Amino acid sequence: MGKFNLSNKYKAITIGGSAGSFQGITKILSKLPKGMSLPIVLCLHRLKHVRNGFVEALSIKSTKPVVEPYDKESIKRGNIYLAPSNYHLSVELGNKFSLSTEEMINNSRPAIDITMETAAYTYNQKLIGILLSGANKDGAKGMKAIKDRGGLTIVQDPSECMINTMPQAALDITDIDYILKIEEIVEFLNELDKYYH
Amino acid sequence: MHNIEITDLRKLTEFIQNKYGYDFTNYAMSSFRRRIGRVLELNKFPSIDHLIKKISSDAEFFEEFVSEITVNVTEMFRDPSFWREVRDHIIPNILLNHQSINIWHAGCSSGEEVFSMAILLREMGIEDKVKIIATDIDKSILSKAKRLSVPIKNMDLNEKNYIRFQGSENLSKYYTEQNGRAVLDTSLVENVSFREHDLVKGIVFNKFDLVLCRNVMIYFNQILQNDVLKKLHESLFRYGYLIIGSKESLIWCEIANKFIVVNNEEKIYKKIKD
Ligand SMILES: C[S@@+](CC[C@H](N)C(=O)[O-])C[C@H]1O[C@@H](n2cnc3c(N)ncnc32)[C@H](O)[C@@H]1O
């Protein structure tokens, strides 16, 4: 048994991040186990009118290329997905993505709350939510939804965050399972992956 | 946020279909649920049954309800690179073989997409050759569109898009400011007609050289997407163009083989088979 209480029951991981999360997220992606078995869904706040470039930037160091899903694309094991700019990304019935141009939430589109809430609705206790550095409260409700439906929640240690408003907002309203530094999140994901082989 | 179960949603859509003839059964569940949740919250209805009761007795409320659950967010010159492509390649291509052009904006919302097209055509100097029909399911958003006015707070974004589109003027040339709204020059839309039309009912009412249906089918599930695409296909002349939203795809659709990809980045397709 490792440091975390894990199993192979999980079906997906969602990661939310905003201001100050880019470095953390690239580090996580660069140290993912090769052949990671769970899909990872990233919802990161990004420039609204820059459609290109971000996926490429994230992919450079990632162990697997990051892709922006199309509407109704099937969610596949081991893929890393990124919410496209100017769209909300939801998990739809039948293990698919759905996109939407609905109103911004917390001034954000994509909004982390939407991705996490819909994923929680689909995966229930089989979902892991991770929330990183950020300057607003987006993601706090999403993390609560994950916890309420029995999933596992992790926030980046506020003391390590460039801007800790986001993880702190989640901690304020939810009993978060783990508070971890980026290094430890990497460790967590690698340990988790061992249960799938 | 309300915990709305699928059985509740089924009950609601069935009721609406029987009473008003709109069928929301095959809307994408994730966003439909969220929209219904919003309506419950806004009106402080404790349950779906309260909503059903209100809808059953109040047709005016139902119209507002339709407006609330459909997503109307839009922009002028959304995806500027796409608009450049329309101006530099698609329209000139159609004009190679045609004297005039018929355009359909399916799901036009408050009209921004139509206004963008009208401005583009004027700058090309060909507005007299073009007839535009713009449709939406949502009556209240259509009446907004007909007023040709855009909230001034959105103009910042619209101008930025227009500059990226590399229009030949200043966007401000096309509107005047009145009571916090940018009101467009009525001469822009002389060849435009706005009409109510429900893509789910799918009545084919005309044939077009160019159909835009952007960011509308993302609110449908794949069953409905397939049905609607068949109708859009039927509404196009052979070699006419279909344009969908930049994150939508025809790949999964049954009629994909009746189109070729003209521009994959901008999601422009051409009908090649009846
Ligand atoms: C997000 S807006 C898209 C506006 C514009 N095309 C754009 O891309 O900016 C979606 C529009 O589709 C309309 N819509 C939804 N269901 C529809 C249906 N069944 N038939 C026609 N229009 C529909 C909504 O009322 C809304 O105005």
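For clarity, every value in this text was computed on a predicted model and none was experimentally measured. The chains referred to below are lettered A, B, ... by the order of the sequence lines, with proteins before strands, and numbering in each begins at 1. The figures here come from the full heavy-atom set of this structure, side chains too, leaving out hydrogens, waters and symmetry mates.
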Heavy-atom count check: over 12 atoms from other residues, nucleotides or ligands less than 6.0 Å from [X] [atom1]?
X        : atom1 : result
B:Lys271 : NZ    : yes
B:Lys270 : NZ    : yes
A:Met162 : CE    : no
A:Lys141 : NZ    : no
A:Lys137 : NZ    : no
B:Glu169 : CD    : yes

Polar side-chain atom of A:Lys72 near backbone of B:Ile218 as donor-acceptor pair, under 3.5 Å: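 Flag set: sc A:Lys72 to bb B:Ile218 pair under 3.5 Å.
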Can you see which heavy atom on B:Met217 is nearest to which on A:Asp71, and at what distance?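 It is O-OD2, 4.1 Å.
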Report yes if the side chains of B:Met29 and A:Tyr121 come closer than 4.5 Å at any heavy-atom pair, otherwise no.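 No - every pair of side-chain heavy atoms lies 4.5 Å or more apart.
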Which of the residues B:Asn215, B:Asn221, B:Ile251 is involved in the greatest number of heavy-atom pairs with chain A at under 4.5 angstrom?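 The option with the most such pairs is B:Asn215.
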Which residue pairs satisfy the side-chain hydrogen bond (donor to acceptor under 3.5 Å, both in side chains) criterion with at least one member in residues 19-30 of chain A, sequence neighbours excluded?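 Pairs touching residues 19-30 of chain A that pass the test: A:Lys27-A:Glu183.
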What part of B:Val71 is in contact with chain A, defined as an atom under 4.5 angstrom from a non-hydrogen atom: side chain, backbone, both or neither?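 For B:Val71, side-chain heavy atoms alone lie under 4.5 Å from chain A.
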Report, in residue-number order, which members of residues 90-97 of chain A are under 4.5 Å from chain B by heavy-atom distance.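 Near chain B, by residue number: A:Ser90, A:Val91, A:Glu92, A:Leu93, A:Lys96.
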Part of residues 100-113 of chain A lying next to chain B, heavy-atom separation under 4.5 Å: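 Heavy-atom contacts from residues 100-113 of chain A to chain B are A:Ser100, A:Thr101, A:Glu102, A:Glu103, A:Arg109.
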Summary of salt bridge (charged side-chain N to carboxylate O under 4.0 Å, His left out) pairs that have at least one residue in residues 243-262 of chain B, sequence neighbours excluded: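 Of all non-adjacent pairs touching residues 243-262 of chain B, those that pass salt bridge (charged side-chain N to carboxylate O under 4.0 Å, His left out) are A:Glu68-B:Lys247, B:Lys230-B:Glu254.
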Which portion of A:Tyr70 sits near chain B, non-hydrogen atoms under 4.5 angstrom: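 Both parts, heavy atoms under 4.5 Å.
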